[in-house]
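Numbering of ligands and ligand atoms starts at 1, following listing order. In this chain, numbering begins with 1 at the start of the sequence shown.
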Amino acid sequence: MRTAWAFLLLLAGAVGQTVKYQPPVCAVKQSTVTLPCTFTPVRKIIRVVWCQNHLICHGATPSVYDSDSKTNNPFDTRYKYLGDKTGNCTLQISNLQKRDEATFRFRMEADDAEGHQTGQRGVNVTVVDGSPMRITSSSEREVREGQNVTLLCTSICTFHQLQVTWFRGDHPLPESGPALMLSPLTAEDSGNYTCGLKANPGIRSVAYMLQVEAADGGTTLDYLTIVRLLLVTALTVLIVIVASIVIKRTCVCRKAEQQIDE
Ligand SMILES: *[C@@H]1O[C@H](CO)[C@@H](O)[C@H](O)[C@H]1NC(C)=O
Ligand SMILES: *[C@@H]1O[C@H](CO)[C@@H](O)[C@H](O)[C@H]1NC(C)=O
Ligand SMILES: *[C@@H]1O[C@H](CO)[C@@H](O)[C@H](O)[C@H]1NC(C)=O
Ligand SMILES: *[C@@H]1O[C@H](CO)[C@@H](O)[C@H](O)[C@H]1NC(C)=O
């Protein structure tokens, strides 16, 4: 009977949604993450608990943090409760491990069973080995001036809104979407591109090296034009020289003829 009552109250509490978590967390192995959390107690809270992968987070459920240490096994010191018993239930996990990949839930227990409550929704934590960010390109690594390229920043983590920051070398770019359009390409677009998350500046993708080659047609044409110009000039000079010699000869001959006539 008591259990049934407690269960009903628990369900009623779940409907109230008095525990608020932040969106899912995706972080690199061995890093430190905080799971921001707030709650609105309806009674005086005497015990707070965080547990992993359990819907109810109650009774004999193994917890990662329990303010009532007497009823608890020695818990992992990597979990640190930054909250209190009045409204802040923030949990910090340091030296993140693969086994931390789970749904974490917060439970509060009051001086009266009516005030007991578990934040059912929980917060999901995903643990990744390397950088969760990648850059893929719409074309080859070597591209030519005047072409278009779109660099796409993707993540193996799922984020509600992918607010991305882009860098060329260490220089931040103004674009903030997951797709970086470079069109038309110029030589200045060459460089090592990285992308990261606006919300988590510590995470950056592996560099993507973009090399913009000078447009092929353009340079060849310039070279040919110069060669042609040189040839035309040389030919002109030759014609002038030949012409002047011919004219001189004609004049000399004419003078000689005139002299003979006289
Ligand atoms: C909860 O506590 C943490 C750690 O002290 C703090 O950073 C955070 O701002 C607090 N949150 C609220 C809503 O007060
Ligand atoms: C959290 O993970 C569980 C199990 O993988 C999934 O069913 C649930 O939809 C996830 N919740 C959120 C908010 O991403
Ligand atoms: C490059 O993109 C522009 C629009 O941004 C488009 O007008 C142009 O045709 C594209 N050029 C090539 C070579 O795809
Ligand atoms: C990009 O990175 C490569 C490899 O680290 C380096 O050799 C190259 O000089 C870099 N390019 C620029 C423009 O910084």
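Listed by chain and residue number, the protein contacts of ligand 1 are Thr38, Leu82, Asn88, Thr90 (heavy atom within 4.0 angstrom).
The side-chain heavy atoms of Cys37 and Phe104, taken from C-beta on, include no pair separated by under 4.5 Å. Counting only heavy atoms from C-beta outward, the side chains of Arg204 and Cys195 never approach each other to under 4.5 Å. Side-chain contact between Tyr193 and Leu182 is present, with heavy atoms from C-beta onward closer than 4.5 Å. For the pair Asn88/Leu82, no side-chain contact is recorded, criterion being any heavy-atom separation below 4.5 Å from C-beta on.
Ion pairing between Arg99 and Glu101 fails under the 4.0 Å rule for side-chain N and carboxylate O.
Annotation: Asn192 places an N or O atom under 3.5 Å from an N or O atom of ligand 4; distance criterion only. Ligand 2 has no N or O atom lying under 3.5 Å from any N or O atom of Arg121, backbone or side chain.
Leu152 is not connected to Leu197 by any chain of hydrophobic side-chain contacts under 4.5 Å among Ile, Leu, Val, Met, Phe, Trp and Tyr, and they are in different clusters.
By the 30° and 60° cut-offs, the orientation of the rings of Phe106 relative to Tyr81 is parallel.
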